[in-house]
Each structure stands twice: as C-alpha cells, then as structure tokens.
> 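Handing you this structure, nothing more for now.
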There are 2 protein chains.
Amino acid sequence: MRTPSKHAETIYALLKQSSGPLSANEIWQSLQASGIGLATIYRILKRGVESGALCEANLPGGQTRYEPTGLKHHHHFLCSDCNRAIDLEGCVPGLENIVPPNFSITGHEILLFGHCADCSEAA
Amino acid sequence: MRTPSKHAETIYALLKQSSGPLSANEIWQSLQASGIGLATIYRILKRGVESGALCEANLPGGQTRYEPTGLKHHHHFLCSDCNRAIDLEGCVPGLENIVPPNFSITGHEILLFGHCADCSEAA
DNA sequence: GTCGTTGCAAAGATTTTGCATTACC
DNA sequence: GGTAATGCAAAATCTTTGCAACGAC
C-alpha cells in the first residue's frame, strides 16, 4: 500500500487510456500485479461515480463497465466475438422523434453490436 | 401446478401485453398469486430466449429484462422517476456512420432516459 | 493520534443448477 | 411408465459492506 488514493489514480489512468469502458473485473485483471483487492476497485469506482469523475456504462454481459466522465459525447460498440466494449465517436440526430409527446428526454445511450475490426479480419 | 408450460404461456402473455420489457422479478411479483417459483420463471425466460421467442433487453438497474421477439423494431425509454421501461416505436437512421471502417454491425439498441408522460405530469 | 484507504472475508442481490416430485400423455 | 416441467434449496456470479490494520499527515 502506498499513498492513499494511489490505486484510485492508477484506475483512473487505466480508464482514461482505455479505448472503451472497463468492468471492475477487467480492471482487476489488469492490476493483478499490484495486489489490489477487487473490493477496493469497486469502492474506488463507486466513489468515482458519486464524485462525478466516472460513470457507468450499461452493456450486456452481466458486468457493469465504467468510464471517465468528460469524454466527448460518444457511444459504444460491443464486439460479439471478443466481448470488448469500444468507444464510438459521434451521434445520430432525430432521437427525440421516437419519443411520445409529454415525455422529456434527459439522456440517451446507443449501443451497436457486431464484429470489431480485429475480429472481422481474424474471421 | 397445472399443465406443463401453463406457466410459460402465462409469462408469454404477460410480456406480450406489457408496454415494455419486464425483469424476472417483476414477472414474479405479478404472478405471486400463482405460487410460481422464481427459478421456474428464469428457466422459462431462458428457454424463451434460446428458442427465439424472447429476447433480453439490457437496461440499467441490475436486472435483465425480457420481451417477446417479433415485435416491431423498437427501442426503449427508461423513466428516471418510476423506473419503468417503455417501448418506443421507430428508429433513427445513420447509425452505421458512427462505426469505424472494418467493423460490421449486426444489431443495435437505443436507450433514452427521461421522464415519462405520467411522471412529467405528476411533477 | 486521526482520518481515509486497503485487504480480506462475510453478506447481499441476481441468476443458475441439482434433485426429487408432480403433471400430463 | 416415460417425458418434461416445477419448487425448493444450494451454488455460482457480481457487487457491497464490516472490520481490523495500515499509511499519510
């Protein structure tokens, strides 16, 4: 154990350099060498979400993934082969058109499924 | 216990008449009176997904929700107030534009957050 | 010494599975 | 009787929490 929050910094750095949101388990596996406990990772992630530094990404797979806030508006691609989540830049217009009157929209998520470049090539 | 698959029919009917996908727990609560076990519901849902009659909807909230397949292409709205999931008809064009080259798309989901008509009025 | 952070283990919540029982044919 | 479905309880996952110990100040 080093200085308090050292682990938090490591996790934040990992998330920032990642090409997509990571699950607690994915983070844990990346940091196995540091001897960090899974519970600590969950705690850091939870603090991050509460403080607004991180947010949750809801993707299929049974595990919640996390990413830093403050990224450019983006969406996610989930590769059906390697199961990785990848950030996609950009968005699409017209979302408000599919919501009934009297509904108010505060946010949205778009999730695309398919095969990423790596897995498309490997196939 | 009645005739085999009786429960399955009940669950399918419940999902078909629902205005949005339901979680195993939501189904269980609706059917408490029938004495059905939660495990049975999970089994029926799983069989439904495997047989192609049902599909999973991945919405935040820690519980997987299910809905019948064969519905018109649609997306989901999750009310931040009442936490209900509501089907939205329609879709938006241009999704393929946000995917990098060499990625192939096999499907997509759109999730909108906000306040449904009921909760907007109540506010 | 105090405060926040950590690791481990236990507890929770959701979902799955084992097994004996029951229902239908 | 044979096959499939069910209920209960135990197991498997993922996540959270309790608690004692550790590090920084």
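In what follows, every chain begins at residue 1, and chains take the letters A, B, ... in the order their sequences are listed.
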> Given 3.5 Å as the limit, does a donor-acceptor pair link the side chain of A:W28 with the main chain of A:I36, or not?
yes
> Is there a side-chain contact between A:I86 and A:H76 (heavy atoms, below 4.5 Å)?
no
> Please state whether the phosphate of D:dT15, meaning OP1 or OP2, lies under 4.0 angstrom from any side-chain nitrogen or oxygen of A:Y42.
yes
> Should the ring pair A:F77 and B:F103 be called parallel, tilted or perpendicular, given that the plane angle runs from 0 to 90° and is split at 30 and 60?
perpendicular
> Respond yes when some side-chain nitrogen or oxygen of B:H7 is under 4.0 Å from OP1 or OP2 of D:dT6, and no when none is.
yes
> I'd like to know if A:R47 reaches the base of C:dG4 with its side chain such that a donor and an acceptor end up less than 3.5 angstrom apart.
no
> CD1 of A:I44 versus P of D:dT15: gap in Å, rounded?
15 Å
> Tell me: CG of A:L31 to P of C:dG7, nearest whole Å?
11 Å
> Mind calculating the distance between CD1 (A:I11) and P (C:dG7) to the nearest angstrom?
9 Å
> Taking atom types as they are modelled, would you say the side chain of B:R43 forms a donor-acceptor pair with the base of D:dG7 within the 3.5 Å cutoff?
yes
> Using the salt bridge (charged side-chain N to carboxylate O under 4.0 Å, His left out) rule, take B:E56 and B:R65 through it: C-alpha gap first, then chi angles, then the decisive distance, then the call.
CA-CA 6 Å; B:E56 302 180 356; B:R65 288 173 185 192; over 6 Å; no
> Just how far, in rounded Å, is P of C:dT14 from CG of B:L59?
15 Å
> Mark yes or no for whether B:S30, through its side chain, and B:E26, through its backbone, hold a donor-acceptor pair below 3.5 Å.
yes
> Would one find a side-chain N or O of B:T64 under 4.0 angstrom from OP1 or OP2 of C:dT15?
yes
> Write down the distance between CG (A:L38) and C1' (D:dT15), rounded to a whole number of angstrom.
8 Å
> Can you tell me the distance, in whole Å, between the CD atom of B:Q63 and the P atom of D:dC14?
17 Å
> Atom CD1 of A:I27 and atom P of D:dT15: how far apart are they, to the nearest Å?
11 Å
> Write down the distance between CG (B:N58) and P (C:dT15), rounded to a whole number of angstrom.
11 Å
> For C:dT17, does OP1 or OP2 lie under 4.0 Å from any side-chain N or O of B:K46?
yes
